[in-house]
Amino acid sequence: MASSTTSRRAATLPVSFFRRPAEVVARDLVGTLIISTVRGVVTAGRIVETEAYLGHRDPASHAFANRRHARNENLYGPAGTWYVYLSYGMHWCANLVCGTTPNEGAVLLRAVEPLDGLPTMRRRRGGVADRLLASGPGRLTQALGITLSLDGHAMRASSVVVQAGRGEELDVATSLRIGITKAVDWPLRFAVRGSKWVSRTA
DNA sequence: GCGCCGATTGGCT
DNA sequence: GCCAATCGGCGCC
């Protein structure tokens, strides 16, 4: 069972939350809670940074122009599907599929503020400073124990769920996406302004 | 088949 | 700030 901070109420986000444009979902995911349960071990935190990718119309998307491959197959799945891929041959990155048509878009999770299971996260991350536990797309998957085994699963029925936040006022800043070389001027990155848990300031 | 590049990270200069 | 690690996709021969 979940402990302390995140347990209150299990308001897992409905599929309808994801049946909207990726940039809208990306903005609204900031402030929500992500809870991972791996072999009974719970780690959780608050999503503080995301990026939207606009599917077949986005040159930076893995499925631009509807190029279809084994790796990106799940970008064509229904809203609320996990899309997990290997970045630079060594880091897992986690996305949630959005929209109402195949390959319409997805949201990359870029940073999480750790709330529960800190000892587990520290062990998985090799004892780095807490600020670096989940402040990056590759770091947060490692801290939460996310791997390719999550790829293609429906979020609501998977080992990693996203719940509604606490409804508090959040100052969400919009900025340019990070680490890409195509469509670099599209303002599709969303982050809690001033948060020390985001991947970097830009 | 071969070489280059990437939605990254961490270690070193 | 620079660069290696590591591997699937892609372009090109």
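Residue numbering restarts at 1 for every chain, and letters A, B, ... go by the order of the sequence lines.
When the P atom is compared between B/dT13 and C/dA5, the two are found 15 Å apart, to the nearest whole Å. Going from the P atom of B/dG1 to that of C/dT6 covers 23 Å, rounded to whole Å.
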At a cut-off of 3.5 Å, list every protein nitrogen or oxygen paired with a nitrogen or oxygen from nucleotides 9-13 of chain C, distance to 0.1 Å.
residue	atom	partner	partner atom	Å
C/dC10	OP1	A/His69	NE2	3.2
C/dC10	OP2	A/His69	ND1	3.2
C/dC10	OP2	A/His69	NE2	2.2

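Regarding contacts with the backbone of B/dG6, a side-chain N or O of A/Thr181 is found under 4.0 angstrom from either OP1 or OP2. Dashed line: the shortest gap from a side-chain N or O of A/Arg189 to OP1 or OP2 of B/dA7 is not under 4.0 Å. Side-chain N/O atoms of A/Arg125 include none lying less than 4.0 angstrom from OP1 or OP2 on B/dT9.
The cationic atom of A/Arg110 (NZ for Lys, CZ for Arg) does not lie both less than 6.0 Å from the six-membered ring centre of A/Phe190 and within 45° of the ring axis.
Applying the 5.5 angstrom centroid cut-off and the 30 degree plane-angle cut-off, the aromatic ring of A/Tyr53 is stacked upon the base of B/dA7.
A salt bridge links A/Asp58 with A/Arg177: the closest approach of a Lys/Arg side-chain nitrogen to an acidic carboxylate oxygen falls below 4.0 angstrom. A salt bridge links A/Arg20 with A/Asp28; the closest basic N to acidic carboxylate O contact falls under 4.0 Å.
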Kindly express the pairing pattern of DNA chain C in dot-bracket notation, using | wherever a base pairs with another strand and counting only Watson-Crick or G-U pairs under 3.5 Å.
-> |||||.||||||.
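For the residue pair A/Ser158/A/Trp82, the side-chain donor-acceptor check at 3.5 Å is satisfied.
Comparing A/Gly179 and A/Arg139 by the nucleotide of DNA chain B whose heavy atom lies nearest to each, the residue mapping closer to the 5' end is A/Gly179.
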